[in-house]
Amino acid sequence: MSFTTTIQAAAIESLEELYDHQFSDKDFQVNETKPEFEGDYTIVLFSLLKPLKESPDNLGKKLGNLILKKNASFFSGYNIIKGFLNLSVKDGALVALLQKNYNDICFGKKALSHKKVMVEYSSPNTNKPLHLGHLRNIFLGWSVAEILKATGCTVYKSSIVNDRGIHICKSMIAWEEFANGATPASTHTKGDHFVGDYYVKFNDEYKEEVSELVRNGVEKTRAEKDAPIMKKTQQMLLDWENGKPEVMELWSKMNGWVYEGFDETYKRLGSDFDKTFYESNTYLLGKDFVQEGLSKGTFHKKEDGSVWIDLSDVGLDEKLLLRGDGTSVYITQDIGLVKQKFEEYKLDKSIYVIGDEQIHHMKVLKEICRKLGMPFADKIIHLSYGMVELTTGKMKSREGTVVDADDLVDEMVETAKKHTEELGKVKDFTEDELKDLYETLGLGAMKFYLLRVDPKKRMVFNPEESIDFHGFTGPFVQYTYARIKSILRKVEEQGASDNSQSKITNEEKLFPLERELIIFLEKYLNVISQAAEELNPSVIANYVFHLAKTFNSFYTEHSVANAESEEKKTLRVHIAVMTATVIKSAMQLLGIKVPERM
RNA sequence: GGCCCCGUAGCUCAGUGGAUAGAGCAACAGCCUUCUAAGCUGUGGGUCACACGUUCGAAUCGUGUCGGGGUCACCA
């Protein structure tokens, strides 16, 4: 049980004894005391004054005295300022916390939840490489999955690959027309970039053909339909749907190239999936329930044979589910796949990490499931996040105004190298160590940058300014970790006994920064729960930054290896070890590695 | 136009019912014979978009206004 809940419980117990009345944690708040006041935790009394007909002073005194009496080993005193009852925790109670097994505190997995959850993220198209927007998506999804695991959930990471459709055919046609049999291998190009280049080539050629037609007096919308390359692409899509062998072969060959490229990127990013769905396997799934919906009367058919659902009773529009020609649309496939997921994995929750432009779509999806009486309709959760935009506006892959994921990673790693060299630290490492370090730092900076902000806020990325390595950043936290490890190495060299195993004396008087650190470390499990509840990794990022910052202050103020006494040294080694453990754990939840040295 | 999200220091963001609203960046002033200065300490910088309301108490809740974005496809 955490300190705040312990205190809440103690207060309830005392209140009930004093007033012969039932209290709950909703009746009053327990906060951390603001630094400008004496005390560690504050019980806010205002909300209790009226129902108990007490003055702040009277209630504060009665409650303060009783809590102190009943928990003499935990609290050392109290003060009352206005309606705030400030309680001070005994040094001994804080020290006792350090004597617990570090792993219990950091990775206690008190199993707050045993839910089975699927987190679906990344979900790329196979006609172009991953870009900055995918990175936010991937880091978010991966991190949320880790956070949920840390609370005890069983998590399946999944991705749905959009491997079919007109956009794929565009790359395919362009390759047929212009590649002369070139391959990623023959051109030494990463597969996804290779295919993406043909997607761009398609659009260039298409634009050219359209303007050519317009010059010859064809109306623009007409020209867009009649451009020869577009007609070929449409035909190819039909051939694909009919399973024409040459087309299928080309399709799997080119997708194969893309997957090789994606795998390389995912591997470098440290991202992975337990299950990958392919749209080519699932796009027909939804058709079954269309019949079901029609017979139930939930759906209706129009004269042209198209199938619709009316959602106007819940404030949404009429939505198409099946075209007149019997082909399904996006949402139809979605419903089919949702059903399959819940049934196959027996999920309690399915989280979709998708941009906020699809909020409406996901609302419609949920609503249709609900109207069909699917029991999991309310377990569909859309974790929506704001788009990443550039200072020059939106990213558009067709126009080449995207920040490519691989390029950005390269750049970040390069920046890490530059910083390290400038600081003159290169000589301490071997070539291989440096390579690892640059990856760790570059990726750390990038992941932290994308995760430290509330997911739902859109963010503007300025490609001109490289991501920072100072202040509220990944490398700042990584640096703190490396320094702690350095201290611990030194302590070990000093030898004799292994300090982290030896006992600390409860009598030790704590300095303010020592207290602050222990109290802050104690909060970690609460922070994980909050992040899990909000599906928000930025909660973790803010916490771990603050922790690192506090440790850095402590670091300058107090020496560990050369502490003023053996007792102090032991105590501080415990604090350092625990801080390092929490930093490593928290960063891991963000998908960020921490270096032993930097 | 309907619905949804956002508006906090020059910039990027925390804080979502409690005390005098906090960080980072940028600016300025200090700190390396002492565990790694990618660090630490300090200074300046705010009608929390605006208005009204609810409350003992509002950046936080409600209503309205203004500004920015998204969405309302037989696209995915």
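Naming: A, B, ... by sequence-line order, numbering from 1 per chain.
Taking side-chain N and O atoms only, A/Lys82 has no distance below 4.0 Å to OP1 or OP2 of B/C56. Within the structure, every side-chain polar atom (N or O) of A/Lys457 is placed at least 4.0 Å from both OP1 and OP2 of B/C13.
Within the shown strands, B/C50 is the pairing partner of B/G64 under the Watson-Crick or G-U definition, both distances less than 3.5 Å. Using N1 to N3 plus N6-O4 or O6-N4 for Watson-Crick, or N1-O2 and O6-N3 for G-U wobble, each under 3.5 Å, B/U55 pairs with nothing. When Watson-Crick and G-U wobble pairs are counted only if both distances are under 3.5 Å, B/U71 pairs with B/G2. Look at B/U34: it lacks any Watson-Crick or wobble partner with both distances under 3.5 angstrom. With a 3.5 Å ceiling on both atom-pair distances, the Watson-Crick or G-U wobble partner of B/C25 is B/G10.
Residue side chain A/Thr420 reaches the base of B/A38 through a donor-acceptor N/O pair under 3.5 Å, judged by distance alone. Side chain A/Lys425 to base B/A38: a donor-acceptor pair is found below 3.5 Å. In the interface, the side chain of A/Asp325 is not paired with the base of B/C74 through any donor and acceptor atom under 3.5 Å apart. The base of B/U20 lies outside donor-acceptor range of the side chain of A/Lys34, with no N or O pair under 3.5 Å. Put simply, the side chain of A/Asn127 and the base of B/A76 share no donor and acceptor less than 3.5 Å apart.
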| message | Please evaluate residues A/Tyr283 and A/Trp240 with respect to the criterion ring pair (Phe, Tyr, Trp, His ring centres under 6.0 Å), reporting the C-alpha separation (whole Å), side-chain torsions for both, the decisive distance (0.1 Å), and the verdict. | response | CA-CA 13 Å; A/Tyr283 81 110; A/Trp240 185 90; 5.8 Å; yes
| request: Walk me through it: do A/His167 and A/Tyr199 pass the test ring pair (Phe, Tyr, Trp, His ring centres under 6.0 Å)? | output: CA-CA 8 Å; A/His167 43 288; A/Tyr199 182 67; 7.6 Å; no
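Distance check, rounded to the nearest 0.5 Å: CG of A/Asn281 to CD of A/Gln333 gives 11.5 Å. In this structure, the separation between NZ on A/Lys319 and CG on A/Leu311 is 9.5 Å, given to the nearest 0.5 Å. Atom CG of residue A/Leu321 and atom NZ of residue A/Lys301 lie 12.5 Å apart, to the nearest 0.5 angstrom.
Here the side chain of A/Leu423 is nearest to one of B/A23, B/U36, B/A38, namely B/A38.
In terms of position on RNA chain B, the residue among A/His167 and A/Tyr479 whose nearest nucleotide sits closer to the 5' end is A/Tyr479. The nearest heavy atom of RNA chain B to A/Asn562 and to A/Ser47 marks one nucleotide each, and the one closer to the 5' end goes with A/Ser47.
Rounded to whole angstrom, the span from the NE2 atom of A/His558 across to the P atom of B/C35 amounts to 16 Å. Distance CZ (A/Phe37) to P (B/U20): 7 Å, rounded to an integer number of Å. What separates CG of A/Leu59 from P of B/G18 is a distance of 19 Å, to the nearest Å.
Stacking annotation: A/Phe476 is not stacked on the base of B/A38 (requires ring centroids less than 5.5 angstrom apart and an interplanar angle below 30 degrees). Residue-nucleotide stacking is present for A/Phe84 and B/A19, judged by a side-chain ring centre under 5.5 Å from the six-membered base ring centre and planes under 30° apart.
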